[in-house]
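A short write-up of the structure that comes next.
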Amino acid sequence: MKRDLVIIGGGPAGLAAAISARKNGVKDILLIERDKILGGILNQCIHDGFGLHTFKEALTGPEYAQRFIDEFHELGIEVMLETIVLSLNKNKNLSVSSKKGFVNIQAGAVILSMGCRERTAGAISLPGTRPSGVYTAGAAQNFVNLQNIKIGNNVVILGSGDIGLIMARRMALEGAKVEAVFELLPTPSGLARNVQQCLNDYGIPLFLSTSIFELHGKERLTGVTVAQVDENFQMMEQTKRFVPCDTLLLSVGLIPENELSLGAGVNLETTTSGASVDDNYMTNIPGIFSCGNVLHVHDLVDHVSEEASLVGQCAVQYLNQNTLPEESFIHIETQQDVRYVLPKKISGKKDFTLSLRVTRPMQNAAIMVTDKDRKVARKKLVRLHPAEMIRVKVKAKNIENAEKLEVSVQC
């Protein structure tokens with residue numbers, strides 16, 4: 001079977017990419033989704049706050065997703081639900097399995113939008129017994145919000161990622177006692193607004209530079225041993241204490257779902273665990289693009305949709321020309337206090353948005369993009385935090401004849 005454009009993943013990135021590609025002229029589009037419904041993780045995010053940038057109003061996750069799902073169906077785009085892509089190679093050949101059977105698909109272009117998964121207790125080598133009552137925050141969210149299952153009464157949360165903070169509030173609203181949130185780092189991992197709205201507003205304590213060092217309980221979790229850590233993240237023995245609980249939620253990081261990407265020979269970035277892309281969001285494999293949380297973890301779904309819409313346009317350009325214009329790429333390097341930037345290389349022929357994260361909290365600083373000693377772009381910020389992605393718009397006219405760009409923080 002031959003298809004012009006195949007999109008893997010029917011979450012917010014896949015939906016926005018498909019809609020954009022159709023509006024830009026591609027008729028033969030196939031979106032493949034392993035779940036029973038479209039929308040991805042948004043279906044279990046019943047809190048509001050989505051869509052403030054895209055729709056200028058606060059929506060719940062399902063409401064935000066439904067707007068894209070409705071447009072997707074109105075445009076008549078084909079979808080295969082409950083379908084798994086078993087493999088993808090560098091020639092854009094996909095092996096696909098569904099209830100209807102097995103099929104090989106030869107794609108003209110592929111957009112990767114598989115999202116990410118959570119780190120588990122095994123992934124972080126959490127010591128102690130293996131009792132019931134230990135969940136990732138996302139799994140707990142699914143049980144509570146979609147299946148109406150109460151998972152515990154006395155809850156401890158490890159990690160202050162946004163899902164963990166939101167689930168702290170959700171468990172409190174369900175009548176559970178949330179004992180505390182423990183964060184290994186000296187600063188919260190989630191957005192400041194979630195710390196305020198999900199913890200402070202509900203009187204839930206947050207302990208920084210603190211982690212869990214042992215689980216207790218045979219059949220069911222009965223408690224955890226926690227302790228503070230020093231600047232080298234080593235346990236401070238004298239601070240050990242026991243916290244009774246019957247439920248532990250893990251919010252200890254997300255991992256982009258890039259197994260298919262690796263099988264196709266896509267190069268991944270060490271810092272993001274996502275693909276290395278240019279300003280067309282194309283990987284090192286011609287015709288294979290990446291967007292959304294499978295590329296790098298975003299704070300806001302609005303930015304996912306915006307990014308994916310641009311990728312849909314780039315995929316159309318590739319299909320129309322069977323290539324994207326070959327340019328001598330300008331590489332982008334990070335300086336001290338910048339953890340990563342995307343994209344890592346650009347053509348220099350069009351405006352682009354640079355996405356980045358800093359390594360530590362700072363105030364009253366500016367993100368500087370320079371070509372040698374020449375300023376290309378600057379964005380002044382009152383507050384910079386590793387948990388918050390920063391976006392800087394760069395004009396093509398400012399990078400004419402540039403050889404290399406550097407991104408730094410100016411305090």
Side-chain angles (χ1 to χ4, degrees), residues 41 44-47 49 118-121 123-128 131 133-145 150-217 220-231 233-236 239-255 297 299 360-361 383 385-388:
I41 197 68
Q44 65 187 53
C45 299
I46 63 173
H47 54 282
E118 297 177 281
R119 294 185 188 276
T120 63
I124 62 172
S125 301
L126 199 59
V134 180
Y135 306 88
T136 62
Q141 188 179 57
N142 184 289
F143 282 129
V144 175
N145 292 349
K150 185 175 183 180
I151 60 171
N153 297 305
N154 296 291
V155 182
V156 161
I157 298 174
L158 176 61
S160 58
D162 288 313
I163 303 176
L165 299 177
I166 289 165
M167 281 309 296
R169 176 179 62 185
R170 188 74 181 95
M171 295 303 294
L173 290 171
E174 285 294 309
K177 176 168 176 47
V178 183
E179 303 289 347
V181 176
F182 299 107
E183 170 57 58
L184 176 68
L185 299 175
T187 58
S189 298
L191 297 174
R193 73 179 189 191
N194 285 333
V195 174
Q196 179 61 46
Q197 296 173 0
C198 300
L199 299 188
N200 298 344
D201 289 356
Y202 287 82
I204 299 171
L206 169 63
F207 294 92
L208 299 173
S209 297
T210 305
S211 190
I212 292 174
F213 287 90
E214 189 173 0
L215 304 182
H216 301 277
R220 177 80 187 196
L221 185 69
T222 58
V224 295
T225 295
V226 303
Q228 296 176 25
V229 297
D230 60 22
E231 61 274 10
F233 302 111
Q234 297 301 307
M235 179 177 65
M236 300 171 65
T239 66
K240 284 175 60 175
R241 62 188 176 95
F242 177 80
V243 179
C245 62
D246 62 15
T247 305
L248 169 63
L249 304 188
L250 302 174
S251 180
V252 290
L254 301 169
I255 305 171
V297 178
D299 305 330
R360 61 185 177 90
R383 179 179 179 274
H385 196 281
E388 298 178 7

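The structure presented is a predicted model; accordingly, all values stated were derived computationally and were not measured.
- Listed by chain and residue number, nothing satisfies the ring pair (Phe, Tyr, Trp, His ring centres under 6.0 Å) test with F213 (two or more places apart in sequence, or in another chain).
- Considering every non-hydrogen atom in both S160 and S189, the closest pair reads OG-N, 2.8 Å.
- For residues 177-186, no pair satisfies salt bridge (charged side-chain N to carboxylate O under 4.0 Å, His left out), with sequence neighbours left out.
- Side-chain contact check for Q141 versus H47: some heavy-atom pair is nearer than 4.5 Å.
- The line from OG1 of T210 to CG of L185 is 11.0 Å long, rounded to the nearest 0.5 Å.
- For H385, there are no ring pair (Phe, Tyr, Trp, His ring centres under 6.0 Å) partners at least two apart in sequence or on another chain.
- At a threshold of 4.5 Å between non-hydrogen side-chain atoms, the residues M235 and K240 count as touching.
- Considering CG of L158 and CG of L215, their distance stands at 9.5 Å, rounded to 0.5 Å.
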Inset, instruction - Output, in order, the C-alpha distance, side-chain angles, deciding distance and verdict of side-chain contact (heavy atoms from CB on, under 4.5 Å) for E118 and L254. - result: CA-CA 5 Å; E118 297 177 281; L254 301 169; 3.7 Å; yes
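- Of the possible polar contacts, none joining the S209 side chain to the V229 backbone as a donor-acceptor pair under 3.5 Å is found.
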Inset, instruction - Assess whether side-chain hydrogen bond (donor to acceptor under 3.5 Å, both in side chains) is satisfied between Q44 and N145, documenting all intermediate values. - result: CA-CA 6 Å; Q44 65 187 53; N145 292 349; over 6 Å; no
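- Judged as a side chain to side chain contact (heavy atoms under 4.5 Å, CB included), and not counting sequence neighbours, the contacts of R220 are S132, Y135, D246, T247.
- Considering only residues two or more places apart in sequence or on other chains, F242 meets the ring pair (Phe, Tyr, Trp, His ring centres under 6.0 Å) condition with H216.
- Two residues are said to be in side-chain contact when any heavy atoms from C-beta on lie closer than 4.5 Å; M171 and I157 fail this criterion.
- Counting heavy atoms from C-beta outward, N154 and P244 have side chains that stay 4.5 Å or more apart.
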Acceptor/donor pairs from residues 194-201 side chains to any protein atom, 3.5 angstrom cut, sequence neighbours excluded:
residue	atom	partner	partner atom	Å
N194	ND2	D162	OD1	2.8
Q196	OE1	N200	ND2	3.1
Q196	NE2	D201	OD1	2.8

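- The CD1 atom of I163 sits 11.0 Å away from the CG atom of L249 when rounded to the nearest 0.5 Å.
- Within the model, atoms CD1 of I212 and CG of L126 stand 6.5 Å from one another, a figure rounded to the nearest 0.5 Å.
- In this structure, the separation between CG on L208 and CZ on F182 is 11.0 Å, given to the nearest 0.5 Å.
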Inset, instruction - Please test C245 against V224 for side-chain contact (heavy atoms from CB on, under 4.5 Å), starting from the C-alpha separation and ending with a verdict. - result: CA-CA 7 Å; C245 62; V224 295; 4.1 Å; yes
